[in-house]
*Asks:* 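Sharing a structure, written as structure tokens. Questions coming.
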Number of protein chains: 2
Amino acid sequence: MDGSTTPPAKPKRSRPVQVADQIKQWVVERDLKKGDKLPNESAMIELFSVSKGTVREALRILEAQGLIVTKTGPGGGSIVGEVSANRARSLLANYFYFQDLSVADIYQMRRALEPELAASLAGTLTEDQIAELQELAERYPEPAKSAEEEKEQHIASLVFHARLSEFAENKLLGFVIGFMANILTDMTVYRQLYDPPNVVLWSKGREHQLALVEALRAGQAEEARRIMASHMQVAEELMKVQEAHLLRRFMGD
Amino acid sequence: MDGSTTPPAKPKRSRPVQVADQIKQWVVERDLKKGDKLPNESAMIELFSVSKGTVREALRILEAQGLIVTKTGPGGGSIVGEVSANRARSLLANYFYFQDLSVADIYQMRRALEPELAASLAGTLTEDQIAELQELAERYPEPAKSAEEEKEQHIASLVFHARLSEFAENKLLGFVIGFMANILTDMTVYRQLYDPPNVVLWSKGREHQLALVEALRAGQAEEARRIMASHMQVAEELMKVQEAHLLRRFMGD
DNA sequence: CCCCCTAATTTATCATTATAATTTTTTCAC
DNA sequence: GTGAAAAAATTATAATGATAAATTAGGGGG
């Protein structure tokens with residue numbers, strides 16, 4: 001999996017890519033952290049014995065991956081910048097742009113993961129976090145009167161899940177759930193509106209979120225898991241009317 | 001989530017990034033697919049009214065994201081190239097390089113997802129695929145005699161899971177499971193060896209894999225789910241002796 | 001002490017030239 | 001004709017130099 005394990009694989013990589021790898025190695029060797037400075041352009045030109053253009057292309061490669069940030073001016077230059085969750089989501093979305101995901105696929109994952117997240121968060125949240133979730137869940141107390149309004153409620157619901165995912169101690173679990181919330185939001189924003197609001201299901205969804213907040217506050221892990229599992233069933237019902245396939249666009253940062 | 005929804009966010013993006021976005025837009029507008037050609041360098045220079053260096057930096061950005069592939073020579077130039085699973089895994093691994101994942105985190109995910117994958121694959125595999133899995137599971141019929149040999153067996157076991165993930169119809173589920181198998185493999189390759197092989201657990205793991213293959217062949221979804229759930233318990237036992245934190249290195253492509 | 005202005009530093013962009021890598025075409029032997 | 005080697009054409013790759021833009025640092029003037 002690592003480059004060092006494939007000596008005879010690709011003997012022809014462009015010089016900018018090689019330089020980018022050397023810079024990465026340079027950073028790892030020194031165990032540089034988030035804000036630490038890299039050598040400036042002219043220093044890298046000498047360090048790697050390549051031209052300015054090559055160095056700049058290498059820097060753009062690392063920048064595109066979110067590994068560095070570059071500024072102009074004195075004290076400027078490139079610094080190590082940890083990859084943001086947003087950047088990681090965008091890069092991963094590029095992959096699924098070509099993979100033809102369906103709503104059913106995403107809900108198969110959500111059914112498996114969201115209850116797990118709910119259970120693991122029970123009793124671990126601060127009062128502020130609980131309050132924020134409660135506020136999100138209490139928005140839109142009235143049933144949606146139009147398809148447009150239903151769309152807003154749907155997005156608000158996804159914000160609730162996205163926020164929840166940010167609280168996860170398990171960063172992998174949190175990332176995957178947040179990624180799915182992003183995909184569904186993106187899809188909701190750009191979808192056609194053609195179905196009337198389903199009042200019964202929406203009110204059920206709202207009740208679930210409020211009950212979930214209570215269970216999280218009370219530290220009842222299994223109760224939270226159960227509620228979230230029910231909630232996923234409702235959410236899936238609401239999404240089933242969508243087209244099967246999605247992600248026909250790139251995400252921005 | 002999309003760039004168009006953030007007007008006051010970043011009014012100053014570098015020209016290479018702007019050009020890269022324009023090229024992406026150019027591709028999406030024309031609904032270009034995997035092998036389709038982009039304009040060549042000099043054409044882009046005129047198209048976007050920027051210099052050669054700027055165009056090249058933009059191309060390196062897109063190349064780093066896996067969105068294009070560039071070749072020299074007549075008929076060469078840049079073409080649309082769908083993001084490979086490997087590339088997506090590497091880019092995502094860069095994110096988790098900064099996130100301090102633990103073995104427990106990964107197994108919380110595996111416990112939730114691997115049984116789901118096993119169940120959904122039951123009865124859907126071809127004879128060739130079943131045969132390949134069986135062959136992978138039947139390797140190392142003898143218990144490991146050394147720590148080094150145990151390492152090999154561990155990696156072979158992860159290859160089994162990685163291969164299984166590639167058969168998934170749900171590309172998101174498959175990707176996440178494959179990603180975790182990659183992380184664990186990477187960790188296993190570079191870990192210290194200090195514990196004697198646990199013969200009992202290893203033989204149990206092997207039996208699980210063989211039984212799983214049978215259940216998959218027979219189309220017994222719930223049996224496959226049950227077996228995989230047990231298997232995850234065993235695998236977690238074997239990994240528990242590892243250090244808690246991992247991913248202290250970048251992955252290559 | 002504070003504000004503004006200038007100067008210094010560093011990246012950003014452009015322009016030009018030469019080189020390397022590939023593919024296509026041509027040529028020439030058989 | 002056929003096939004292989006040589007030549008040509010096309011394209012990206014790389015290097016160099018010059019100028020612009022942005023940002024910080026420092027130096028008065030009040």
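All chains are named by letter (A, B, ...) in the order of the sequence lines, taking the proteins before the strands, and each is independently numbered beginning at 1.
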*Asks:* Between atom CZ in Arg60(B) and atom C1' in dT13(D), what is the gap in whole Å?
*Replies:* 9 Å

*Asks:* Below the 4.0 Å mark, does dA12(D) have OP1 or OP2 next to a side-chain nitrogen or oxygen of Arg56(B)?
*Replies:*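 Checking Arg56(B) against dA12(D): no side-chain N or O falls below 4.0 Å of OP1 or OP2.
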
*Asks:* Roughly, in whole Å, what's the span from CD1 in Ile79(A) to C1' in dT23(D)?
*Replies:*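 Nearest whole value for this atom pair: 14 Å.
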
*Asks:* For the pair made of CD in Gln18(B) and P in dA12(C), what is the distance, rounded to whole Å?
*Replies:* 13 Å

*Asks:* With a non-hydrogen cut-off below 4.0 angstrom, is Arg15(A) in contact with a base, only sugar-phosphate, or nothing?
*Replies:* sugar-phosphate

*Asks:* Before accepting this row, confirm whether a basic side-chain N of the pair Asp21(B)/Arg13(B) lies closer than 4.0 Å to the acidic partner's carboxylate O.
*Replies:* yes

*Asks:* Please tabulate, one pair per line, each protein N/O and nucleotide N/O from nucleotides 16-19 of chain D that are separated by under 3.5 Å, including the distance.
*Replies:*
residue	atom	partner	partner atom	Å
dG17(D)	O6	Lys52(A)	NZ	3.1
dA18(D)	N6	Lys52(A)	NZ	2.6

*Asks:* Specify the separation, in whole Å, of atom CD1 of Ile68(A) and atom C1' of dT11(C).
*Replies:* 12 Å

*Asks:* With salt bridge (Lys or Arg N to Asp or Glu O under 4.0 Å) as the test, would you mind laying out the steps for Glu63(A) and Arg60(A) before giving the verdict?
*Replies:* CA-CA 5 Å; Glu63(A) 202 174 56; Arg60(A) 288 299 87 71; 2.9 Å; yes

*Asks:* Starting at NZ of Lys37(B) and ending at C1' of dT11(D), how long is that distance when rounded to a whole Å?
*Replies:* 9 Å

*Asks:* Rounded to whole Å, please give me the gap between CG in Leu59(A) and C1' in dT10(C).
*Replies:* 13 Å

*Asks:* Classify the nucleic acid contact of Glu41(A) as base, sugar-phosphate or nothing, counting any heavy atom under 4.0 Å across all strands shown.
*Replies:* sugar-phosphate

*Asks:* Rounded to the nearest Å, what distance is computed from the CD atom of residue Glu46(B) to the P atom of nucleotide dT11(D)?
*Replies:*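 Distance check: Glu46(B) CD to dT11(D) P gives 13 Å.
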
*Asks:* Under 3.5 Å, is there a donor-acceptor pair between the Glu138(A) and Gln134(A) side chains?
*Replies:* yes

*Asks:* Tell me, yes or no, whether the heavy-atom count around Lys71(B) atom NZ, taken from other residues, nucleotides or ligands under 6.0 Å, exceeds 12.
*Replies:*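 Not more than 12 within 6.0 Å, no.
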
*Asks:* Hey, can you tell me if Phe179(A) and Phe96(A) have their rings parallel, tilted or perpendicular (30° and 60° cut-offs)?
*Replies:* tilted

*Asks:* By nearest heavy atom, map Gly76(A) and Ser49(A) onto DNA chain D; which one lands nearer the 5' end?
*Replies:* Ser49(A)

*Asks:* Tell me whether the OP1 or OP2 atom of dA15(D) has a side-chain N or O from Thr54(A) closer than 4.0 Å.
*Replies:* yes

*Asks:* Phe48(B) CZ to dT13(C) C1': how many Å, rounded?
*Replies:*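 Phe48(B) atom CZ is separated from dT13(C) atom C1' by 17 Å.
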
*Asks:* When you check the side-chain N and O atoms of Ser120(A) and Glu169(A), is any donor under 3.5 Å from an acceptor?
*Replies:*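 Side-chain D/A pair, Ser120(A) to Glu169(A): absent.
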
*Asks:* Compare the minimum distances between each of dA14(D), dA12(C), dT13(C) and the side chain of Pro16(B), then state the nucleotide with the smallest one.
*Replies:*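 Selected nucleotide: dT13(C).
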
*Asks:* Choose from dT13(C), dT10(D), dT24(D) the nucleotide whose nearest atom is closest to any side-chain atom of Pro74(B).
*Replies:*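 Looking only at side-chain atoms, Pro74(B) lies closest to dT10(D).
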
*Asks:* Counting heavy atoms not belonging to Glu135(A), are there more than 12 under 6.0 Å from its CD?
*Replies:* no

